[in-house]
Amino acid sequence: MTTNARPRSPAAATRAETLRLLEMIDQRLRWLSAWTIHHANHIRESRDGIKVGGHQASCASITAIMTALYFHALRPQDKVAVKPHAGPVLHAIHYLLGQQSAEQLQAFRALGGAQSYPSRTKDQVPVDFSTGSVGLGVAITAFASLVQDYLIAHGQRTEAAAGRMIALMGDAELDEGNIYECLIEGYKHDIRNCWWIVDYNRQSLDSTTADRMFRRFDDIFETCGWRVLTLKHGKLQREVFARPGGASIEAWIDACPNAEYAALTYQGGAAWRARLANDLAGDPAALALLASFDDAGLAALMLNLGGHCLETLIEAFEAADDDRPTMFIAYTVKGYGLPFQGHKDNHSGLMNPAQMAQLRASMGIAEGAEWEPLGGLGDNSAAALAEFLEPFKALLGKHDHRAAPIHVPPAIRVPEGRSQSTQAAFGKILLDLARSGDPLADRLVTTSPDVTVSTNLGAFVNQRGLFRRQELRDVFAGAKIPSPQKWEGHQAGQHIELGIAENNLFLMLAALGLSAPLFGERLLPVGTVYDPFIARGLDALNYACYQDARFLLVATPSGITLGPEGGAHQSVNTPLIGMGQPGLTYFEPAYADELAAIMGWAFAHMQAEGDAGGSVYLRLTTRALEQPLRTDDSWREGALQGGYWLRAPAPGSRLALIFTGAVAPEVLAAADALAEDEPGLGVLNVTSPDLLHRGWSAARSARWEGRSAGALTCHADRLLAPLASDARLVTVLDGSPAALTWLGAVRGQQVTPLGTDRFGQTGDLPDLYRTYRLDSDAICDAAAEGLLRR
Ligand SMILES: Cc1ncc(C[n+]2csc(CCOP(=O)(O)OP(=O)(O)O)c2C)c(N)n1
Ligand SMILES: [Mg+2]
């Protein structure tokens, strides 16, 4: 789709006609989403007796909003994150357009079928952003709009092609802290072209939401520069309010607590009448107005909230026609139009077969015709609707952005220095790239939550500048105050400096890492963070990986090697996080040349198609290590597969010391000490426990699945093969020992594990390594103990 214009169907000549057609779509979306969920729960055979689930009430709440958005406001360049529980509505939209199959809907929540929550990678309909963990799908749109601005500023996208990054969100998502972290960050970066549309049904999973928040959200968002458009009343309500007595009804609605409104919604017309008549007893005009409605009419009036009124919705969307970030608070009823509407327990509520049959009949859909996309419509209406829908097929279809690959230089230069830390080497490699003029450097975008300098990104930023849409002077440089950091902010800058909230780092990386599929322009995002604080953004990290965003996460410093900083800053379990996170490959190199090779590998891996690629996590340290004297390049291939022998074992050796990262000197010292007794001893440097483990388990599953001819080979197996079959393996790393202990299972050799499994504390390395048994004495003891117990 190259045009930015929205389709104008000939069938939609007048606004009244448009509204009539949109109304039909709204009804069909409500029906199809409910039916899809019903089918999965009541019609498809259950083989395990487990409830399939689905959220009919959450869908019914938002169908009008999605109708108005998708079939009126959305432009081809816009991207949408759909509230997780409205997944079936998104599928219904594409089903109406003939872009989703009945088979997929019939397999909703089954293997290979339409996913419970919209998934970029698994669903067959276009999904711009995956959602599921509430709050994250909202915030990523703000970061995506920042990425879009970055691309525009760098000449990789035109201003005219700028789209809106839109989140359709549940009101309970407003309770997630990540929303406010993102709001603050967004304000600092002056984001634009972002819409958040709240399905304000004032119900979450457990209950109705707090009345005290009424208007507070407006204040918070307006303070952060957003325009807030509140769609409280539908057109019918507004018309009725203008009649004699109407103002009293309006005032009553405004004063009514959320829970009571919801309960009356559930109870229906007679209950509304009784309650209103009681509360407005002294108001004859209001009573007369009430009397002019029958019970059904009165219920319809009370439910005519802004978020269910298509006219109100499209007017609001039209009103926000500039690039200002805008929040729409669209009042809705959870379960609108369904028998459990307003009931506080309706979040996971499912209509029973009788209720479904009743809904079907009310829509004029014949039994057996439930999957008819335009079922229940007369011929003329169906034809008009089909004609109206036609142009939306191109608009809402899959727009596959193919981004050109970025060439990765065959060898990234290794920083010089006999003794260096991986963290310092990382900074030098980036600086070198920044200075090199290599095209890859132009596609690097670095970002960090207030730890740019302390993770050695500063030199890169000096070279390439801060990204700012508006020029930002470096006041200190201007005043000639000496500082190694020269931070000019400008449009060509390549570093996005974030505030300290780590969660934002991962959402920023997620958005940057989706630049290729979202915008057709590939970026190579590099984010730095202190290793222990990965935990602060874990859900966002998982969220980023789940939707296959591609980035390089550099976490440094790490482990108790960070001595004087103490236990609050010393990471323990991050190797296991790295190993356990799908979509992320964890490396922990010991030496600078390994790091350079791994970074080259990472830049290619971040660009590889599908399952062949992914994101990369480097766990680094500030501890400077004596660099090994290499005689050849033979280590390189092994380092990129997860490990290599730093000192090769003699065939049949009884002992190997296996280590990862910063503890190399202790391991080598122990190896020297043990050499006399165990001359065949080998030292294995595991650069990626993750890759080794994955290769091992993949080889096993390949054999089980009959994909491998017979021999069980993997890199770990090949590495350990020269050792005696009953050799002892002493594993050592500054982190959870479990990251390496599994190596004993590869060939049945016994492991004596060393590592940290308690909180650290302040100290220097001799003290800490001794206390936590990572020093060479502990390694020798572990080796001796292993050999004695043979
Ligand atoms: C991070 C996270 N916590 C909890 C849940 C479980 N959960 C799913 S929906 C929901 C309430 C959603 O309410 P709201 O956002 O208002 O959506 P709606 O009322 O439109 O269904 C909860 C607690 C989740 N999906 N993600
Ligand atoms: Mg809600």
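Whatever order the structure lists them in is the order used to number ligands and atoms, beginning at 1. In this chain, numbering begins with 1 at the start of the sequence shown. Computation of the quantities below employed the complete heavy-atom set of this structure, encompassing side-chain atoms and omitting hydrogens, waters and symmetry-equivalent molecules.
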Worksheet item: Which of the atoms in ligand 1, numbered in the order shown and given with their element, are less than 4.0 Å from a heavy-atom of Ser133?
Response: 1 (C), 26 (N)
Practice prompt. Would you please indicate yes or no on a ring centroid separation below 6.0 angstrom for Trp226 and Tyr187?
Written response: no
Discussion item. Looking only at distances, can you tell me whether any N or O atom of Asp539, backbone or side chain, sits closer than 3.5 Å to an N or O atom of ligand 1?
Written reply: no
Worksheet entry | atom 17 (O) of ligand 1 [closest protein heavy-atom partner, distance rounded to 0.1 Å] | Gly170 CA, 3.8 Å
Discussion item. Can you tell me how the ring of His308 sits relative to the ring of Tyr336, calling it parallel under 30°, perpendicular over 60° and tilted otherwise?
Written reply: parallel
Worksheet item: So, does Gln203 sit close enough to ligand 1 that a heavy atom of it is under 4.0 Å from the ligand?
Response: yes
Discussion item. Is it the case that the ring center of Phe392 lies less than 6.0 angstrom away from the ring center of Phe71?
Written reply: yes
Discussion item. I'd like to check whether Lys334 has a polar contact with ligand 1, where a contact means an N/O of the residue lying under 3.5 Å from an N/O of the ligand.
Written reply: yes
Practice prompt. Using atom types as modelled and distance alone, determine if a side-chain donor or acceptor of Asp123 lies under 3.5 Å from a backbone N or O of Gln115.
Written response: yes
Worksheet item: Backbone or side chain, does any N or O of His85 fall under 3.5 Å from an N or O of ligand 1?
Response: no
Discussion item. Is a donor from one side chain sitting under 3.5 angstrom from an acceptor on the other, for Asn346 and Gln341?
Written reply: no
Worksheet item: For atom 13 (O) of ligand 1, which protein heavy atom lies nearest, and how many Å away is it?
Response: Ala172 CB, 3.3 Å
Item to complete: Please work out whether the ring planes of His39 and Trp371 are parallel, tilted or perpendicular, with thresholds of 30° and 60°.
Response: perpendicular
Worksheet item: Would you find a donor on one side and an acceptor on the other, under 3.5 Å apart, between the side chain of Thr131 and the backbone of Val82?
Response: yes
Worksheet entry | Lys83 N/O under 3.5 Å from ligand 1 N/O | yes
Worksheet item: What's within reach of the Mg ion (ligand 2), meaning protein N/O/S atoms under 2.8 Å?
Response: Asp171 OD1, Asn201 OD1, Gln203 O
Fill in: Ser58 N/O under 3.5 Å from ligand 1 N/O
yes
Worksheet item: Atoms of ligand 1 less than 4.0 Å from Glu173 heavy atoms?
Response: 15 (O)
Item to complete: Answer yes if the side chains of Asn573 and Ser736 hold a donor-acceptor pair under 3.5 Å, and no otherwise.
Response: no
Practice prompt. Scan the protein's non-hydrogen atoms and note whether one is under 4.0 Å from atom 2 (C) of ligand 1.
Written response: yes
Worksheet item: So, the side chain of Arg202 versus the backbone of Thr208: is there a donor-acceptor pair under 3.5 Å, distance only?
Response: no
Fill in: Minimum-distance protein heavy atom relative to atom 16 (O) of ligand 1
Asp171 OD1, 2.6 Å
Discussion item. Heavy atom to atom 6 (C) of ligand 1, shortest distance: which of Val138, Thr208, Leu205 holds it?
Written reply: Leu205
Item to complete: Could you say whether the N/O atoms of Ser204 and ligand 1 ever approach to under 3.5 Å?
Response: no
Worksheet item: Without hydrogens or angle criteria, can the side chains of Arg227 and Thr326 be said to hold a donor-acceptor pair below 3.5 Å?
Response: yes
Worksheet entry | Plane angle bin for Phe317 and Phe328 - parallel if under 30°, tilted between 30 and 60°, otherwise perpendicular | perpendicular
Worksheet item: Should the proximity of Asn201 to ligand 1, defined as any heavy atom under 4.0 Å, be assigned to the side chain, the backbone, both, or neither?
Response: side chain
Worksheet item: Within the side chain of Gln104, is there an N or O that forms a donor-acceptor pair under 3.5 Å with the backbone of Ala114?
Response: yes
Worksheet item: Between Ala86, Pro84, Gly132, which one has a non-hydrogen atom sitting closest to atom 25 (N) of ligand 1?
Response: Gly132
Worksheet item: Does Arg20 come within less than 4.0 Å of Glu23, counting only side-chain N to carboxylate O?
Response: no
Practice prompt. Kindly indicate whether a cation-pi arrangement holds for Arg109 with Tyr117, taking the cut-offs as under 6.0 Å to the six-membered ring centre and within 45° of the axis.
Written response: yes
Discussion item. With the threshold set at under 4.0 angstrom, would you say Met169 reaches ligand 1 through any of its heavy atoms?
Written reply: no
Worksheet item: Among all protein non-hydrogen atoms, which one is nearest to atom 26 (N) of ligand 1, and what is the separation to 0.1 Å?
Response: Val134 N, 3.1 Å
Worksheet entry | Which of the ligand 1 atoms, numbered from 1, are nearer than 4.0 Å to a heavy atom of Glu176 | 1 (C)
Worksheet item: For residues Thr574 and Arg619, is any side-chain donor paired with an opposing acceptor at under 3.5 Å?
Response: yes
